[in-house]
Amino acid sequence: MRKKLLILLLCMATTIQAQDLFILGGELSNSAATSVEDIDEVMPRMKTLGLNTVLVPAYWEFLEPSEGVFDFTLIDRTVMRARENKLNIVFLWFGAWKNSMSCYAPLWFKKDTKRFPRARTHEGKPLEIASCFSEEVFNADNKAFGKLMQHISESASDVVTMVQVENEIGMLEDARDHSRLAEDMYKIGVPQELMNYLKKNEKNLHPWLKERLNTKIEKVKKQNPTWTSVFGDDIFTDEIFMAYYYAKYVGRLCQTARKYTQIPLYVNAAMNSRGRKPGQYPSAGPLAHLIDLWHAGAPQLLCLAPDIYDTGFKSWADQYALSNNPLFIPESRCCENSGARAMYAFGEHKALGFSPFAIDQASSCETESITKAYSLLRQLKCQAKSWGLLFDQQDKERIITDDGMAITCWHYFTLPWDPRATDGSKWPEGGAILMRLSNNEYLLAGTGVVVAFASEYEKAREQQKVLGEDGFAIAGTGDEGTMVKDEIFKGQRIGIGHVDEVSIDDSGQMRYLRRNNGDQDHQGRHVRIACGEWKILHISLYRYN
């Protein structure tokens, strides 16, 4: 699996323009590429926002408006405008499913429910969801997808860097399909192929799936073990069953794509958030807890990618940044905090890419932070050790240990002199990358953060003290210092040699802009970038006794 992942990453690197090492993306709204006029208008705007990649839907209903008749007008226009604006493209295949539903399938497909059957609830209710157990559904979808991939290979491989297979697959209203075809497959039991995968990867399975297994895999001796005997008898077993067969369907589409191209393929997931149960969220989609089912069914995929709209951005990103799943965020809420979140994703997880959704419809105040963040990220091409910082009003502090140092990082509004910290304003998120260049040398890039450096010895002796508006101790508190009293200080301290604001050119050379060694670093106490400012700071430290 690791060897395959490295090969896919190498393929991806060779398809991205030489000056861009990761996807600084934006996804268009679902109707933004449904005419050539739409495409002509939107693509130049995406360039001015600072993107290097645009995520664009490829609609089955426009690609094959009549069965067997294919029209690549929208695909070709998108590629042409991308080339003109020096942009890359990630095409999103809106085939059999888009947000669970079959809403972008052609009308000739939708109307023929006998040939292309629907998924059904346990009550027998037909859904606007094509059944993944139908070979007719697969053949029609696969034929169109294959035509798209062949066309990309022949005419657009210079600008298309990845392809998303379907969109937010998942069952709604029920945890699994209960159509006749699905029921017949469920009765057969767990396929030996899946049992072999679980046994081979037992030690490395996702913790959630490990807990679900009722017994050790090697003890399941039946030739055809049932789903309930292996995974339990509840709604989540229904989800496991459905996830495996959704993945098998996607895996077969991937096999078709591989006949024409090695362009990386991925799937995106709608989150299982807010305490919802399978079927209340899109059940069986490429969710983190189901990653083993998806790896078993569709091993060709580069990654399962989260669409993050809910609160708790760091938690969602962390769930998908796994050793066997590089992080790519193809959809995130486009808002004033998008830039800060992008800095975290690239700094903490070395993400493959980040992309706010419906960026073409967003206001300038919502896109401004993305433009500024992407400007910094274009300059940060070093693959050095890095950390991502992301703070808000509830999550204000992080302590990082590195090279004998305790690096304490805070939200900018934890400083006492900014009136927005205490006037009832909602705090904007602060986000940054802290990158280690060498011993005692770091870069800090982003917005709305404060960083202080101390030796671990010094940090262990530190006490909290209340500061006034000027950043110094409040008069009359009796606070005479930050160190533990009545004990000789015998350790080393960390000092700030200088803090320089810099830019970085295309060759990776830093260009000095100005020095921040006075009030800007509180006379050597910390390094900071105010909320609303976007900077790269070069930090040089020294140690003394």
Side-chain angles (χ1 to χ4, degrees), residues 27 30 55 57 60 92-105 110 118-123 125-134 137-138 141 164-179 182 186 206 208-209 212 234-251 253 265-298 301 303-312 315-317 319-320 325 328-333 355 357-358:
E27 181 171 330
N30 293 161
L55 282 69
W60 184 8
L92 319 175
W93 176 236
F94 287 5
W97 304 289
K98 193 274 178 189
N99 292 57
S100 298
M101 315 302 280
S102 299
C103 51
Y104 278 109
K110 292 179 181 178
R118 305 294 182 87
R120 292 178 178 268
T121 68
H122 68 283
E123 298 169 337
K125 175 184 176 182
L127 302 170
E128 290 281 347
I129 301 173
S131 176
C132 71
F133 297 95
S134 166
V137 167
F138 173 79
D141 191 3
Q164 177 182 291
V165 187
E166 309 291 348
N167 181 269
E168 292 188 357
I169 292 173
M171 275 289 296
L172 289 172
E173 296 193 38
D174 216 324
R176 70 173 176 91
D177 183 359
H178 287 271
S179 66
Y186 188 84
H206 191 281
W208 180 88
L209 187 61
R212 293 292 305 171
D234 62 16
I235 194 172
F236 292 101
T237 295
D238 285 349
E239 182 179 43
I240 289 170
F241 161 78
M242 197 69 196
Y244 179 68
Y245 282 105
Y246 268 140
K248 288 288 290 182
Y249 183 108
V250 167
L253 292 178
L265 307 168
Y266 74 95
V267 284
N268 66 325
M271 298 294 91
N272 51 328
S273 57
R274 293 172 249 173
R276 294 175 294 190
K277 302 295 185 183
Q280 296 174 334
Y281 63 78
S283 175
L287 296 157
H289 69 285
L290 302 172
I291 188 170
D292 297 295
L293 287 309
W294 278 86
H295 279 172
L301 293 170
C303 62
L304 314 187
D307 292 347
I308 305 177
Y309 292 91
D310 288 285
T311 57
S315 174
W316 290 115
Q319 286 184 47
Y320 285 81
N325 195 69
F328 175 49
I329 302 173
E331 294 185 36
S332 182
R333 184 180 303 280
S355 173
F357 175 68

Pair R212-T237, side-chain donor/acceptor within less than 3.5 Å: yes
Side-chain donor or acceptor of S283 paired with backbone N/O of P278 under 3.5 Å: no
Geometric cation-pi criterion, R176 with Y186: 6.0 Å, 45°: yes
From CD (E173) to CD (E128), nearest 0.5 Å: 10.0 Å
Considering all heavy atoms, the nearest L55-S355 contact: CD1-OG, 3.7 Å
Residue pair V165 / Y249, side-chain heavy-atom distance below 4.5 Å: no
Exercise: do H206 and D292 side chains pair donor with acceptor under 3.5 Å: no
Backbone N/O of E166 and side chain of Q164: donor-acceptor pair under 3.5 Å: yes
Nearest-0.5 Å distance, CG of residue L127 to CG of residue L172: 8.0 Å
E239 vs H289 side-chain heavy atoms within contact, under 4.5 Å: yes
Minimum-distance pair of heavy atoms, taken over all atoms of A130 and S102: N-OG, 2.9 Å
N167 versus Y104, side-chain donor and acceptor atoms under 3.5 Å: no
Heavy-atom pair with the smallest gap, counting every atom of M242 and A284: CB-CB, 3.5 Å
Chi angles and distances behind the side chain to side chain contact (heavy atoms under 4.5 Å, CB included) call for F357, D307: CA-CA 9 Å; F357 175 68; D307 292 347; over 6 Å; no
Y244 vs L290, side chain to side chain contact (heavy atoms under 4.5 Å, CB included): CA-CA, chis, key distance, verdict: CA-CA 9 Å; Y244 179 68; L290 302 172; over 6 Å; no
Distance in Å, Y281 OH paired with R274 CZ, rounded so as to fall on 0.5 Å steps: 13.5 Å
Chi angles and distances behind the side chain to side chain contact (heavy atoms under 4.5 Å, CB included) call for L209, I240: CA-CA 9 Å; L209 187 61; I240 289 170; 4.0 Å; yes
W208 side, atom CH2; L287 side, atom CG - distance, nearest 0.5 Å: 9.5 Å
Ring centre gap for Y245 and F241 strictly below 6.0 Å: yes
Atom of D238, atom of A175 and distance for their closest heavy-atom approach: CB-CB, 3.8 Å
Considering all heavy atoms, the nearest F94-P57 contact: CE2-CB, 3.6 Å
Flag for D141-W97: side-chain donor and acceptor within less than 3.5 Å: no
Donor-acceptor contact below 3.5 Å, side chain R333 vs main chain Y309: yes
Gap between atom CH2 of W316 and atom CG of D310 - 0.5 Å precision: 6.0 Å
Closest non-hydrogen atom pair between N268 and P330, with its separation: CB-CG, 4.0 Å
Reported OH-to-CZ distance for the pair Y320 and F328, which is rounded to 0.5 angstrom: 14.0 Å
Flag if over 12 foreign heavy atoms under 6.0 Å of CD, Q280: yes
Validation row: D174, E123 side chains within 4.5 angstrom (heavy atoms): no
Y246 vs V267 side-chain heavy atoms within contact, under 4.5 Å: no
Neighbour count above 12 (heavy atom, 6.0 Å) for R118 CZ: yes
I129 and D177, any side-chain heavy atoms less than 4.5 Å apart: no
